[in-house]
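Okay, structure first, notes after.
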Amino acid sequence: MANLSGAADRLDLRASGDGAAACWRTLVAAVSARLRRPARVFVVLALLMLAIVLPVVLPQPQAELRLFSDGWGAASFMAGEVCSPDDAGGLAAPDAVLPKPAARADAGDRALLVLRYLAWGLMVPVLLPALALQRRVREQQALLLVATLYGLAPAWFQSTLNPGFVALRQALAEFWLARWPMQPSDFAWLDGLSFAAWMTAGAAIGAAVCAVLTAAGRLAGCDRRALARSLLPLAGVLLVLGLTQPTALYLRGEGLALDWLPSARAALLAAGLCWTSWLGARVIGAAPRAGWPGRAAAFALWLLPVALACLHVWAMYFHWVSRYSV
């Protein structure tokens, strides 16, 4: 009997040991899975910050230097009155593109240009959408993501082209000069205040988009976060188009013909618009408690940020395009 009880005790200990080992392996696997996901996000975020900051802190090459085409490049432009030689006698046409001595880039300048092209022209347009539109962010922070990509991001992209920003800066300068004298060092403060006011307006637009989605969700009887997630494909298009604009400027500066770019942008916008419209119609159409009047009203409200995004794309990439913008 003693031998049998000892064997039973050994079996119990072995079973409990196997159970403890299985629990330990499960715990280790869970912790590892938790650690790997933030580690990937941290690596992407670190690469993104490096791509943004490194070309800024390193010495800047001359503005006229190009990587492959010494000088201005085949498709670059310069105002005639700036390039006119002294012996032209002022007879050159204002918009004429006149010959200009080519600027030669040495090996160091070309390395800096390669770094800038890779960082701002390739890494940022790839890493930032991948970080912003990852699944965990889409599911948990859909409203915040929509407010950012439909409000703050368009305001950021438009700050270099929108005539409204110039008018805002001029109004602030007139307000300043009417009350205090302006020193040369005050222009930095003026630019900062103008940009802060502009981005505040963009944040207000993003908050308004969230309010519209909340109202549409109440009318349709569906979750506003589901409506926000339906807007993310078009938001991704806005982000990609805005981030690849410097890439297009770099390519044009190197002499690459970009006649195909408007068609590519229109096709990308159409794809994002169709995807977003399908998702929005599916979410609102599946609302269980709303009749067709409520669904129609909710869909009309939901279309407002879609129309705002289309207006932004038209203005940025088809209306405000000039010789200094692509």
Side-chain angles (χ1 to χ4, degrees), residues 41 44-45 48-49 51-53 56 119-120 123-169 171-172 189-216 224-225 227-249 265 268-269 272-273 276 280 301-317 319-320 325:
V41 174
V44 173
L45 186 59
L48 181 62
M49 294 302 298
I52 294 174
V53 174
V56 178
W120 293 347
M123 291 179 64
V124 172
V126 171
L127 293 177
L128 188 56
L131 186 65
L133 299 177
Q134 61 174 327
R135 183 176 180 180
R136 189 175 183 180
V137 177
R138 292 198 312 266
E139 293 178 352
Q140 299 181 3
Q141 304 295 336
L143 283 173
L144 179 60
L145 198 57
V146 165
T148 302
L149 297 181
Y150 280 81
L152 288 174
W156 176 279
F157 296 141
Q158 291 184 23
S159 62
T160 58
L161 293 176
N162 195 328
F165 181 74
V166 180
L168 173 64
R169 187 177 183 278
L172 289 177
W189 288 99
L190 177 63
D191 292 338
L193 289 174
S194 303
F195 188 74
W198 186 259
M199 295 304 295
T200 301
I205 293 175
V209 170
C210 290
V212 166
L213 293 179
T214 301
R224 61 177 184 173
R225 290 173 295 183
L227 291 175
R229 284 192 291 269
S230 68
L231 290 174
L232 291 182
L234 187 57
V237 171
L238 299 184
L239 187 60
V240 169
L241 289 179
L243 292 175
T244 53
Q245 190 173 20
T247 309
L249 288 172
R265 285 170 169 168
L268 187 59
L269 174 63
L273 185 59
T276 290
L301 283 177
W302 178 87
L303 283 176
L304 291 178
V306 175
L308 182 65
C310 293
L311 179 62
H312 164 74
V313 173
W314 171 79
M316 278 288 296
Y317 310 110
H319 181 61
W320 290 331
S325 177

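Every heavy atom of this structure was used, including side-chain atoms; hydrogens, water molecules and symmetry mates were not.
Annotation: the span from Met49 atom CE to Leu127 atom CG amounts to 12.0 Å, rounded to 0.5 Å. Taken from CZ in Arg265 to CG in Leu241, the straight-line distance is 6.5 Å, to the nearest 0.5 Å. Here the straight-line distance linking atom SG of Cys310 with atom CG of Leu273 works out to 4.5 Å at 0.5 Å rounding. In this structure, Leu231 CG and Leu213 CG are separated by 5.5 Å, a value rounded to the nearest 0.5 Å. Taken to the nearest 0.5 Å, the CE atom of Met316 stands 5.5 Å off from the OG1 atom of Thr160. Between the CG atom in Leu168 and the CG atom in Leu172 there is a gap of 4.5 Å [rounded to 0.5 Å].
Ser230 contributes no side-chain N or O that, together with a main-chain N or O of Thr276, makes up a donor-acceptor pair within less than 3.5 Å. Not one N or O on the side chain of Tyr317 forms a donor-acceptor pair closer than 3.5 Å with the backbone of Gln245.
The two residues Leu243 and Pro125 come nearest to each other via the heavy atoms O-CG, 3.4 Å. Closest approach of Leu239 to Pro129, counting heavy atoms only: CD2-CA, 3.8 Å. The shortest heavy-atom contact between Ala51 and Ala119 is O-CB, 3.2 Å. Of all the heavy atoms in Pro233 and Gly272, the pair that sits closest is CB-O, 4.3 Å. Minimum interatomic distance between Val209 and Pro305 (heavy atoms only, all atoms of both residues): CG1-CB, 3.9 Å.
Residues passing the salt bridge (Lys or Arg N to Asp or Glu O under 4.0 Å) test with Arg225 are Asp223, sequence neighbours excluded. Here Thr214 pairs with Arg218, Arg224 under the side chain to side chain contact (heavy atoms under 4.5 Å, CB included) rule; sequence neighbours left out.
Between Trp302 and Val212 the shortest side-chain heavy-atom distance does not fall below 4.5 Å.
Evaluation of the salt bridge (charged side-chain N to carboxylate O under 4.0 Å, His left out) test over residues 149-163, restricted to residues two or more places apart or in two chains, returns none. Here ring pair (Phe, Tyr, Trp, His ring centres under 6.0 Å) pairs that include residues 144-164, with residues two or more places apart or in two chains, are Trp156-Phe195. The stretch residues 158-169 participates, sequence neighbours left out, in these salt bridge (charged side-chain N to carboxylate O under 4.0 Å, His left out) pairs: Arg169-Asp191. For the side chain to side chain donor-acceptor pair (under 3.5 Å) condition, no pair includes a residue of residues 198-208, sequence neighbours left out.
Counting non-hydrogen atoms of neighbouring residues, nucleotides and ligands closer than 6.0 angstrom, the CH2 atom of Trp189 reaches no more than 12 such neighbours.
When only modelled atom types and interatomic distance are considered, Thr247 and Trp120 share no side-chain donor-acceptor pair under 3.5 Å.
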Please determine whether side-chain contact (heavy atoms from CB on, under 4.5 Å) holds for the pair Leu268 and Val237, giving the CA-CA distance in whole Å, both sets of side-chain angles, and the decisive distance to 0.1 Å. CA-CA 7 Å; Leu268 187 59; Val237 171; 4.0 Å; yes

